[in-house]
Trainee: 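Have a look at the structure that comes next, please.
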Amino acid sequence: MRRISVVILLVISILSGCNKDEVTFSEVSIDKVKKDVKDFILHLELSESDKGTGIYMFNESGKVRYLYLNQDFLESKNGFGNLNIQSDHNSWNIYLEEDSDAAELEEDYKLYKIKLKAEYEYMKVFKNGEETYFQTIGA
């Protein structure tokens, strides 16, 4: 009986150690976010006149961020593609893709809520495999 308890405890320890999702994200609607996030996005849409990367970050708190992508992010008739986030001990990287197979653009924007479980020294953003930059970062 004691051996079974030790084995069960060992398995639980290993499984909990393997679950190190340090960054999680989910797509959200502008209607479902706080007023300060909505105001940030509205300000962007009203004030940005030059075409840029279309990649924006809003820092709600030390561990909650919002990633906003608008039409300027897309090239020609591409659509919004996948998002992936990877982290290591001192940095986190955002990987964005366009969808070249999109027959028709269905969405005007993408908004993601990102939750960090640690503090990072560096952050980079990549578009279609190439490093790029945020057009604006706000708080």
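Values in this document were obtained by computation on a predicted structure and should not be read as measured data. Residue numbers run from 1 in the order of the sequence given. Note that these values count all heavy atoms, side chains included, but never hydrogens, waters or copies made by symmetry.
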Trainee: Could you tell me whether the side chains of Q135 and D72 share a donor-acceptor contact shorter than 3.5 Å?
Mentor: no

Trainee: Would you please name every residue forming a ring pair (Phe, Tyr, Trp, His ring centres under 6.0 Å) with F58, sequence neighbours left out?
Mentor: F40

Trainee: For Y112, check ring pair (Phe, Tyr, Trp, His ring centres under 6.0 Å) against everything at least two apart and list the hits.
Mentor: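 Per chain and number, Y112 pairs via ring pair (Phe, Tyr, Trp, His ring centres under 6.0 Å) with no residue.
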
Trainee: Look at the side-chain heavy atoms of Ile, Leu, Val, Met, Phe, Trp and Tyr, link any pair under 4.5 Å apart, and say whether F134 and Y95 land in one connected group.
Mentor: no

Trainee: Counting N and O atoms only, with roles assigned by atom type, does the side chain of N59 sit under 3.5 Å from a partner on the main chain of S61, one being a donor and the other an acceptor?
Mentor: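 Not at all, since once roles are kept as given, no pair shorter than 3.5 Å links the two residues.
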
Trainee: Which residues end up grouped with Y122 if you chain together Ile, Leu, Val, Met, Phe, Trp and Tyr wherever their side-chain heavy atoms are less than 4.5 Å apart?
Mentor: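 None; Y122 is a cluster of one.
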
Trainee: Mind checking salt bridge (Lys or Arg N to Asp or Glu O under 4.0 Å) for E27 and listing every partner two or more places apart, or none if nothing turns up?
Mentor: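 In terms of salt bridge (Lys or Arg N to Asp or Glu O under 4.0 Å), with neighbours along the sequence ignored, E27 is linked to K110.
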
Trainee: Which heavy atom of R65 sits nearest to which heavy atom of W92, and what is that distance?
Mentor: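 Heavy-atom minimum between the residues: NH1-CZ2, 3.8 Å.
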
Trainee: Do the side chains of Y68 and L44 get nearer than 4.5 Å, heavy atoms only?
Mentor: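 Yes - at least one pair of side-chain heavy atoms lies under 4.5 Å apart.
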
Trainee: As a quick check of understanding, evaluate side-chain contact (heavy atoms from CB on, under 4.5 Å) for F80 and D99, giving each step before the final call.
Mentor: CA-CA 6 Å; F80 293 103; D99 184 4; over 6 Å; no

Trainee: Going by the rule side chain to side chain donor-acceptor pair (under 3.5 Å), which residues pair with K35 if we only count those two or more places apart in sequence or in a different chain?
Mentor: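 Once residues adjacent in sequence are excluded, the partners of K35 under the side chain to side chain donor-acceptor pair (under 3.5 Å) criterion are D39.
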
Trainee: Decide yes or no on side-chain contact (heavy atoms from CB on, under 4.5 Å) for K117 and K63, but give the supporting numbers first.
Mentor: CA-CA 7 Å; K117 294 185 181 175; K63 294 189 179 179; 6.0 Å; no

Trainee: As a test of understanding, state which of N93, N84, T132 forms a side chain to side chain contact (heavy atoms under 4.5 Å, CB included) with F126.
Mentor: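 Of N93, N84, T132, side chain to side chain contact (heavy atoms under 4.5 Å, CB included) with F126 is met by N93 alone.
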
Trainee: Using the rule given for side-chain contact (heavy atoms from CB on, under 4.5 Å), can you reason through F25 versus K115, listing the C-alpha separation, both sets of side-chain angles and the distance that settles it, and then say yes or no?
Mentor: CA-CA 6 Å; F25 64 91; K115 294 181 182 180; over 6 Å; no

Trainee: Could you tell me the separation between the CD atom of E98 and the CG atom of N82, rounded to the nearest 0.5 Å?
Mentor: 12.0 Å

Trainee: Can you find a heavy atom in the side chain of T24 that is under 4.5 Å from one in the side chain of S26?
Mentor: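 Counting from C-beta outward, T24 and S26 never come under 4.5 Å.
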
Trainee: Check Y120 against H89 and note the closest heavy-atom contact, atom names and distance.
Mentor: CD2-O, 4.5 Å

Trainee: Minimum heavy-atom separation for M57 to I94, with atom names?
Mentor: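 Looking at all heavy atoms of both residues, the shortest contact is CE-CD1, 3.7 Å.
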
Trainee: At their closest point, which heavy atom of K38 faces which heavy atom of D31, and how far apart are they?
Mentor: NZ-O, 3.7 Å

Trainee: Under a 4.5 Å cut-off applied to non-hydrogen side-chain atoms, are L96 and F73 in contact?
Mentor: yes

Trainee: In Å, rounded to the nearest 0.5 Å, how long is the span from CG of N78 to CD of E97?
Mentor: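 It is 11.0 Å, given to the nearest 0.5 Å.
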
Trainee: Would you please test E60 and K34 for side-chain contact (heavy atoms from CB on, under 4.5 Å) and show each step?
Mentor: CA-CA 9 Å; E60 181 180 76; K34 294 181 181 177; 3.3 Å; yes

Trainee: Report the residues that fulfil ring pair (Phe, Tyr, Trp, His ring centres under 6.0 Å) with Y133, sequence neighbours left out, ordered by chain and then residue number.
Mentor: none

Trainee: Please check this pair: side chain of E131 against backbone of K124, looking for a donor-acceptor N/O pair closer than 3.5 Å.
Mentor: no

Trainee: Among I41, L67, N70, L69, which residue satisfies the side chain to side chain contact (heavy atoms under 4.5 Å, CB included) criterion with Y56?
Mentor: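 The residue from I41, L67, N70, L69 that satisfies side chain to side chain contact (heavy atoms under 4.5 Å, CB included) with Y56 turns out to be N70.
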
